[in-house]
Amino acid sequence: MRTAKCVLAVACLGMAMMGLTGCGPDKKEEGKAKKPPFVQAIAAEKTRLVELLETTGDVVAVNAVTLHATVEGPISFCPWREGDRVEQIGQKLIEIDRPLYRQEVSAAEAALVVAKAKLADLKAGARPEEIAQAKESVRHFEDCTNFAKADYDRTASLVKSGALPPEEVEKARVNYVECQTKLEAAKERVAMLEAGPTLTQIAVAQATVEEAAAKRDLAQAKLDECVLKAPFSGVITEVLVRPGDLARPQAPLLKMMDPSSLVVRAGLPESCSAHIREGTDADIRLDAYPGKKLSARIERIYPRLEWDTRTRIIEARVIDPVELIPHLFARLWVRGRVVEDAVAVPDAAIVTTPRGHRVIYVAKEGKAQRRTVTIGLEEENRVQVIDGVQVGEMVIISGNLNLKDGAQVRLGKPPASIKNNLAQKGPGLIAKDQLAQNNPGSNPKSKHPQEGSVDGKTGLQRIMFQNKFPVRLREYNKDQLEFRTLDEVCQYFHDEIEKHPFARYIGTFDHYSHTMGLKDRVVDPSIIGAKNIIFCFGKILESPETLSVRPRSIGVCETESQWIISFLEAPSPVATETMERWVLEAMKPTPNAGSKQSPGGESP
């Protein structure tokens with residue numbers, strides 16, 4: 001009972017105090033006016049913008065061929081190896097041994113010789129000896145005819161006188177007619193020999209010669225199929241048979257290509273394919289030549305869109321002298337549309353609302369005015385604003401993520417890098433060093449623009465990414481590490497996670513491949529690989545909100561010369577220290593390093 005009275009007394013005292021003080025804020029708090037947020041703004045400018053279309057492609061040989069067999073037989077000639085040069089068109093590359101085809105050619109050539117000889121003999125006409133012999137036959141048959149005529153007359157007289165029977169005169173007459181016939185034939189033969197062959201005889205003999213030649217050509221064509229010749233001068237890229245192998249019809253034997261026909265073939269999105277013309281300049285970077293920018297020119301645009309990718313294929317000829325290899329991976333920057341008087345603002349001024357609208361906050365009279373805008377071309381970190389912003393208006397580029405329309409703001413001086421970027425006018429294709437200068441936050445090799453500190457002992461940087469995400473980052477040269485591939489680094493973290501008493505490995509996400517496969521990707525040219533090792537400590541699950549900061553992720557970015565390891569600080573200091581320890585212990589010096597280095601990358 002006494003306890004209940006005490007509780008009631010305390011409650012009454014508390015209500016009395018509330019009645020005296022009220023439920024509102026403290027008078028001291030009321031006296032303090034909340035200051036407007038600090039923002040940075042820059043004036044919208046009218047400048048020249050050039051659309052830079054980024055895409056990827058491969059080096060391909062336009063003039064490339066695979067030689068196939070058309071006959072069956074053993075390979076008798078094939079002295080080539082990959083990389084050998086073929087200097088002349090028509091040079092013998094491969095021969096298939098077929099003795100039967102050679103014999104058929106020999107037989108056909110012999111028949112052709114006979115036909116030609118007969119034709120030549122026919123055209124030469126009769127020899128003088130043949131004509132003289134024919135005339136002698138005419139004289140002989142004339143004598144025979146005269147004798148037969150006299151015998152016929154004598155016999156007819158005797159039959160008429162009754163000295164001979166009647167049948168004798170008939171025999172004499174038949175003999176006389178026969179002699180006359182032979183005489184006429186002999187005369188015709190002499191005339192034919194003197195006149196020579198007729199046109200019909202010559203035509204028949206000529207047709208016989210042509211028939212024999214056709215048979216010879218057919219046999220030779222079958223034999224020629226056994227010899228494969230170079231269709232152009234070039235380089236042997238692949239040899240699929242050796243002498244002694246059996247060639248079969250339609251089987252590939254050898255591949256070759258013309259190095260002078262190598263081009264970079266890539267696809268442009270459908271949305272910008274109509275603005276590209278032949279002769280447009282381009283920049284190309286090849287992974288085989290890191291850090292080297294090559295000048296190129298578009299020399300062919302395909303007249304169709306690819307059904308599966310909705311892209312238009314282009315071919316770019318590299319102008320700078322460089323040794324190209326088929327199937328090299330290439331990155332292209334092609335100059336697209338050009339706007340001479342574009343209203344440009346930094347891309348940091350564009351804010352995308354949850355509903356997908358793009359807005360810009362304009363600082364005017366100490367307040368932030370929200371403008372819905374339509375954007376056009378994008379060049380590096382500059383964006384064309386088609387409507388919504390006028391030239392000279394101050395657009396907010398920092399501190400604009402949580403602004404509301406009409407909110408009070410305080411203006412500060414914009415970073416010098418932003419001013420320099422907008423001051424760079426005129427067309428030009430993007431270069432790696434220019435990208436690093438204009439957008440340092442996108443280049444892992446560059447100094448990060450966010451303010452932060454570097455731990456002198458560990459070498460880890462602590463930066464505020466986008467001014468609100470605490471990130472720890474460590475850069476290492478590749479010659480400082482014992483790892484040689486990106487997968488080896490990821491495997492190391494996988495093993496460390498699995499050894500931890502309550503951490504669990506979830507998976508590895510290939511961020512680079514994922515982003516490169518997107519249509520509107522933005523990837524720094526210096527990055528050649530990027531993966532996230534995803535895991536979770538997960539020891540305590542005290543509220544649903546805990547799920548919002550899990551799982552954890554360690555990012556590994558690879559450039560030509562560096563490993564960049566980064567992770568977001570965890571709410572738990574123990575988890576952050578564990579990830580930091582993993583990063584430091586992973587970065588051991590290579591056994592053949594010239595001097596032993598500390599985890600921070602400096603000599604002890």
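Classification of Arg331 and Asp283 as a salt-bridged pair fails, no side-chain N sitting under 4.0 Å from a carboxylate O. Ion pairing between a basic and an acidic side chain is recognised when a charged N comes within 4.0 Å of a carboxylate O; Arg297 and Glu278 show no such pairing. The pair Lys531-Asp487 meets the salt-bridge criterion, since a charged nitrogen lies less than 4.0 angstrom from a carboxylate oxygen. Taking a cutoff of 4.0 Å between a charged side-chain nitrogen and a carboxylate oxygen, Glu45 and Arg382 do not qualify as a salt bridge.
Checking side-chain atoms of Tyr476 against main-chain N and O of Ile564 turns up no donor-acceptor pair under 3.5 Å.
Shown here is Glu488, whose CD atom has more than 12 heavy atoms of other residues, nucleotides or ligands within 6.0 Å. Atom CZ of Arg358 has 12 or fewer heavy atoms from other residues, nucleotides or ligands within 6.0 Å.
Lys46 contributes atom NZ, which lies 12.0 Å from atom CD of Glu340 (distance to the nearest 0.5 angstrom). Atom-to-atom distance recorded for Ile276:CD1 and Arg337:CZ is 9.5 Å, nearest 0.5 angstrom. For the atom pair CZ (Arg285) and CG (Leu294), the distance works out to 8.5 Å, reported to the nearest 0.5 Å.
The salt bridge (charged side-chain N to carboxylate O under 4.0 Å, His left out) with Arg265 is formed by just one residue from the set Glu306, Glu315, Glu299; it is Glu315. Exactly one residue among Arg474, Arg472, Arg462 makes a salt bridge (charged side-chain N to carboxylate O under 4.0 Å, His left out) with Glu580. That residue is Arg472.
Ring-plane geometry between Phe509 and His514 is classed as tilted, the angle between the planes lying from 30 to 60 degrees on a 0 to 90 degree scale.
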